[in-house]
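We count residues from 1, following the sequence as given.
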Amino acid sequence: MLELAVTLVVIVILAGVLLRALLRYEELAEKTAMELTVRNLRSGLQWRIADALLHPGSAQLGALAGANPVSWLQRPPEGYLGEHTGTPSAAARGGWYFDTRTRELAYRPALHFAFEAEPGAPVEIRWQVRALDPGDDGRPAQGFALVATTRYKWF
């Protein structure tokens with residue numbers, strides 16, 4: 001009986017260690033998928049800039065700042081909830097949404113054991129399309145970038 005109890009305790013301890021390791025790798029995979037989506041969004045921005053430069057008569061270039069970058073993808077990322085004013089009530093963990101009030105794209109991590117945000121800030125990451133060096137003398141923007149507007153550390 002004692003041997004069975006010791007065996008069960010060892011199995012439970014090993015299962016706990018394995019579960020913790022699996023959760024870590026699952027969170028790492030989620031972070032990687034989020035970063036890949038952001039890279040795709042940045043590529044979409046570059047394509048929009050190139051398209052606007054090839055068609056100089058259109059006003060497309062000026063409309064890029066503050067635009068919803070999800071519209072540049074062939075299909076929205078998994079868990080995309082659409083455009084909302086502020087944080088949607090149905091904003092699930094692991095979901096994306098575009099905040100029309102701040103003109104920012106937000107992602108809420110499903111797993112956030114290794115996620116650190118600023119104190120008091122919600123557990124989410126936000127990005128915004130911004131014009132680079134618009135110039136004070138009325139010159140047009142020198143480019144656009146999708147920049148993170150929240151400070152965070154994830155792993």
Side-chain angles (χ1 to χ4, degrees), residues 9 12-53 59-155:
V9 168
V12 167
I13 290 172
L14 289 176
V17 170
L18 178 64
L19 180 62
R20 184 177 173 102
L22 290 175
L23 284 174
R24 176 178 163 73
Y25 286 116
E26 185 178 355
E27 185 173 356
L28 193 56
E30 178 187 3
K31 178 182 182 257
T32 302
M34 183 268 310
E35 290 173 342
L36 181 61
T37 300
V38 171
R39 284 186 186 179
N40 288 337
L41 293 168
R42 287 186 172 129
S43 293
L45 174 61
Q46 296 304 315
W47 280 101
R48 290 293 175 180
I49 292 170
D51 185 53
L53 291 174
Q60 294 178 4
L61 199 56
L64 290 177
N68 183 354
V70 173
S71 64
W72 307 328
L73 299 176
Q74 187 173 5
R75 62 183 173 87
E78 180 103 13
Y80 180 64
L81 299 173
E83 295 185 357
H84 296 274
T85 303
T87 304
S89 58
R93 296 282 179 206
W96 296 84
Y97 67 92
F98 184 75
D99 187 345
T100 57
R101 182 178 42 83
T102 61
R103 310 298 300 164
E104 294 175 325
L105 179 66
Y107 178 72
R108 302 188 68 183
L111 298 172
H112 49 87
F113 302 112
F115 185 88
E116 296 176 24
E118 291 182 2
V123 179
E124 66 181 20
I125 308 164
R126 290 176 166 253
W127 297 267
Q128 187 177 52
V129 178
R130 292 188 178 163
L132 301 176
D133 188 24
D136 295 330
D137 57 358
R139 292 179 296 133
Q142 299 299 309
F144 295 87
L146 182 65
V147 296
T149 58
T150 53
R151 297 180 65 174
Y152 70 95
K153 180 181 174 189
W154 203 0
F155 284 98

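Thr149 and Glu104 are linked by a side-chain donor-acceptor pair at a separation below 3.5 angstrom, with hydrogens and angles left out of the test. Side-chain contact of Glu27 with Trp154: a donor-acceptor pair under 3.5 Å is present, judged by distance alone. Checking Thr102 against Arg126 by side-chain atom types alone, a donor-acceptor pair falls below 3.5 Å. At a cut-off of 3.5 Å, with distance as the only test, a side-chain donor of Tyr97 or Glu124 sits close to an acceptor on the other residue.
Within 6.0 Å of CZ in Phe155 there are more than 12 heavy atoms belonging to other residues, nucleotides or ligands. Residue Arg39 places its CZ atom among 12 or fewer non-hydrogen atoms of other residues, nucleotides or ligands, all under 6.0 Å distant.
Partners of Glu35 according to the salt bridge (charged side-chain N to carboxylate O under 4.0 Å, His left out) rule, which considers only residues two or more places apart in sequence or in another chain, are Lys31. Among residues two or more places apart in sequence or in another chain, the side chain to side chain contact (heavy atoms under 4.5 Å, CB included) test is passed with Ala145 by Leu132, Val147. Tyr152 pairs by the ring pair (Phe, Tyr, Trp, His ring centres under 6.0 Å) definition with Phe115, not counting sequence neighbours. Among residues two or more places apart in sequence or in another chain, the side-chain hydrogen bond (donor to acceptor under 3.5 Å, both in side chains) test is passed with Thr32 by none. Contacts of Trp72 classified as ring pair (Phe, Tyr, Trp, His ring centres under 6.0 Å), with partners at least two apart in sequence or in another chain: none. Qualifying salt bridge (charged side-chain N to carboxylate O under 4.0 Å, His left out) partners for Glu30, counting only residues two or more places apart in sequence or in other chains: none.
Classification of Arg24 and Glu26 as a salt-bridged pair fails, no side-chain N sitting under 4.0 Å from a carboxylate O.
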